[in-house]
**Q** 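The structure's right below; bear with me while I get my questions together.
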There are 2 protein chains.
Amino acid sequence: MKNHHRSVKVLRRGDLAKLTGCNLETIRYYENIGVMPEPPRTSKNYRAYDESHVGRLRFIMRARELGFTLDEVRDLLALVDGGVQTCGEVQGLANSHLASVRAKIDDLKHIERVLSSTVAQCTGDDVPECPVIDALTEVT
Amino acid sequence: MKNHHRSVKVLRRGDLAKLTGCNLETIRYYENIGVMPEPPRTSKNYRAYDESHVGRLRFIMRARELGFTLDEVRDLLALVDGGVQTCGEVQGLANSHLASVRAKIDDLKHIERVLSSTVAQCTGDDVPECPVIDALTEVT
DNA sequence: TCTAGGGTCTGTAGCTGGTACAGGCTCAAG
DNA sequence: CTTGAGCCTGTACCAGCTACAGACCCTAGA
């Protein structure tokens, strides 16, 4: 029977957390740093969210999953909120992020190569000589 | 003429930083968290390093370059310092680190695939419709 | 009606791996 | 003797959260 006569179902912070899978505290954090808007409050000072906040938070979470930094998320949201975002602008942001993702992959691949080739030389025996230690100790 | 009669050349923190390329403050940080040993001090309380510290710091820096966390570095150093490290033990550490590197690569590759395929659909035009925004807004 | 338990509110501390700066000493060159 | 560089300490800051203390508030059961 609750909310039966109310036009908009009010979500509390815990509801929003459950709906999105976001950590409860992270929601407040996002509000503090300005990526989530300050929601209206109930008479008892509880945050009162609605469906629009669910969408916003999901947007942020998806962007984070794609590795966008919170700064980049802010930029994306600013474009969306401005209502005047163009595909070109968004593409620009996405492409520069993509470049940094690729750079990270290259870094890690380099590490992977060095590490795996070094480990491959290990005997794995109960002896003190170890190619990994040698590589780290090397007097270059 | 300086240090001419001294058996061991003493290095100050700045010297160590220059020799290794490590940031000056980072050296103190490494000491605080216990991966660099507390060096002896001069009468005026200056840290007095020697060649062994250069080796130690280089070891740490190489391990960091290979993506080992400082916790893992601590473990490696403990094995080395124990003097009883075995190739098998070190190989174990290196392999588990290698696994996490590979996991990170996989994560990033997934991101790269999603991102690049989405961006590829962009017209890049001056229009508000954008596949990237759509992907982030999607009502799944 | 009282009470126990959950939820929420705030501010703040902790994590990793550093980096930077203030305020005070000390040292070497000119 | 002065001036600038280097060093000392503690502390604050960055991202991106996460967690906890202490104070409210709300609801269900006895």
Side-chain angles (χ1 to χ4, degrees), chain A residues 1-3 10-36 38-49 53 57 59-77 97 100-101 104 107 111, chain B residues 1-4 6 10-36 38-49 53 57 59-77 97 100-101 104 107 111:
Chain A
M1 183 88 74
K2 75 174 172 186
N3 289 327
V10 163
L11 303 168
R12 285 177 308 168
R13 190 151 56 102
D15 300 326
L16 188 54
K18 242 163 241 158
L19 280 171
T20 58
C22 184
N23 179 290
L24 185 70
E25 300 289 302
T26 303
I27 296 172
R28 196 158 60 97
Y29 171 70
Y30 284 164
E31 182 181 325
N32 285 338
I33 63 165
V35 299
M36 280 294 284
E38 290 183 28
R41 300 288 183 121
T42 68
S43 59
K44 290 304 175 192
N45 204 30
Y46 284 22
R47 287 170 179 82
Y49 296 103
H53 297 96
L57 186 47
F59 184 101
I60 297 166
M61 291 174 76
R62 285 208 191 90
R64 294 288 301 129
E65 278 162 24
L66 290 179
F68 284 96
T69 65
L70 285 170
D71 260 0
E72 290 168 330
V73 172
R74 235 189 303 265
D75 291 344
L76 285 170
L77 287 170
H97 174 57
S100 81
V101 169
K104 263 179 217 144
D107 282 356
I111 289 172
Chain B
M1 182 89 70
K2 74 175 170 184
N3 290 328
H4 190 241
R6 217 182 289 174
V10 163
L11 303 168
R12 285 176 307 166
R13 190 151 56 103
D15 300 325
L16 189 54
K18 242 162 242 157
L19 280 172
T20 58
C22 184
N23 179 290
L24 185 71
E25 300 289 302
T26 303
I27 295 171
R28 197 159 57 98
Y29 172 69
Y30 284 165
E31 183 180 326
N32 285 337
I33 63 164
V35 299
M36 280 293 284
E38 290 183 27
R41 301 289 183 120
T42 67
S43 59
K44 290 303 173 189
N45 204 31
Y46 283 22
R47 287 170 179 83
Y49 296 104
H53 297 96
L57 186 47
F59 183 101
I60 297 166
M61 291 174 77
R62 285 209 189 90
R64 294 288 301 129
E65 277 161 25
L66 290 179
F68 284 96
T69 65
L70 285 170
D71 258 1
E72 290 169 329
V73 171
R74 235 187 302 264
D75 291 344
L76 285 171
L77 288 169
H97 173 57
S100 81
V101 169
K104 264 180 216 141
D107 282 356
I111 289 173

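In what follows, every chain begins at residue 1, and chains take the letters A, B, ... in the order their sequences are listed.
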**Q** Quick one: does A:R64's side chain get under 4.5 Å of A:L70's, heavy atoms only?
**A**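 Yes - at least one pair of side-chain heavy atoms lies under 4.5 Å apart.
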
**Q** Within the modelled atom types, does a donor on one side and an acceptor on the other bring the side chain of B:R28 and the base of C:dG18 under 3.5 Å apart?
**A**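 Checked by distance alone, the answer is no.
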
**Q** Quickly work out the B:I60 CD1 to C:dG18 C1' distance and round it to whole Å.
**A** 14 Å

**Q** Can you tell whether the side chains of B:R62 and B:E65 come within less than 4.0 Å, N to carboxylate O?
**A**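 Here B:R62 does not pair with B:E65 in a salt bridge, since their nearest N and O are not under 4.0 Å apart.
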
**Q** Rounding to an integer number of Å, can you tell me how far B:L24 CG sits from C:dA22 C1'?
**A** 15 Å

**Q** Over how many whole Å does the gap from B:M36 atom CE to C:dG17 atom C1' extend?
**A** 16 Å

**Q** From OH of A:Y29 over to P of C:dA13, roughly how many Å is that when rounded to an integer?
**A** 17 Å

**Q** Provide, to the nearest angstrom, the distance between the CZ atom belonging to A:R13 and the P atom belonging to C:dG7.
**A**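 That distance rounds to 12 Å.
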
**Q** Tell me which of A:Y30 and A:S43 sits closer to the 5' end of DNA chain D, going by the nucleotide each one is nearest to.
**A** A:Y30

**Q** Going by heavy atoms in the side chains, are B:V10 and B:Y46 under 4.5 Å from each other?
**A** no

**Q** Taking CZ from A:R41 and P from C:dT8, how many angstroms apart are they, rounded to a whole number?
**A**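 That distance rounds to 12 Å.
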
**Q** Quick one: are A:P39 and A:E31 in side-chain contact, heavy atoms under 4.5 Å?
**A**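 When only atoms from C-beta onward are counted, A:E31 and A:P39 do touch, with a gap below 4.5 Å.
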
**Q** Grab the two heavy atoms, one from A:L57 and one from A:T20, that are nearest each other, plus how far apart they are.
**A**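 Heavy atoms only, the tightest pair is CD2-OG1, 3.5 Å.
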
**Q** Is there side-chain contact between B:L11 and B:H53, with heavy atoms separated by less than 4.5 Å?
**A**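 A side-chain contact is absent here, since even the closest heavy-atom pair is not under 4.5 Å.
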
**Q** Round to the nearest Å and state the distance from B:I33 atom CD1 to C:dC15 atom C1'.
**A**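 Distance, rounded to whole Å: 13 Å.
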
**Q** Among C:dC9, C:dG18, C:dA20, find the nucleotide with the atom closest to the side chain of B:E25.
**A**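 Closest nucleotide among those given: C:dA20.
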
**Q** Relative to the 5' end of DNA chain C, which residue comes earlier, B:T69 or A:N45, by the nucleotide with the nearest heavy atom?
**A** A:N45

**Q** On DNA chain D, reading 5' to 3', which nucleotide is the first and which the last to sit with an atom under 4.0 Å from a heavy atom of chain A, could you check?
**A** D:dG16 to D:dC26

**Q** Please check this pair: side chain of A:R74 against backbone of A:I33, looking for a donor-acceptor N/O pair closer than 3.5 Å.
**A**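 Yes: the side chain of A:R74 pairs with the backbone of A:I33.
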
**Q** Please report, rounded to the nearest Å, how far the C1' atom of C:dC9 is from the CD atom of A:E31.
**A** 11 Å

**Q** Which is true for B:F68 with a 4.0 Å heavy-atom rule: it touches a base, it touches only sugar-phosphate, or it touches nothing?
**A**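 It contacts nothing in the nucleic acid.
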
**Q** Is the shortest side-chain N/O distance from A:R12 to OP1 or OP2 of C:dG7 below 4.0 Å?
**A**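 So the side-chain polar atoms of A:R12 never come under 4.0 Å of the phosphate oxygens OP1 or OP2 of C:dG7.
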
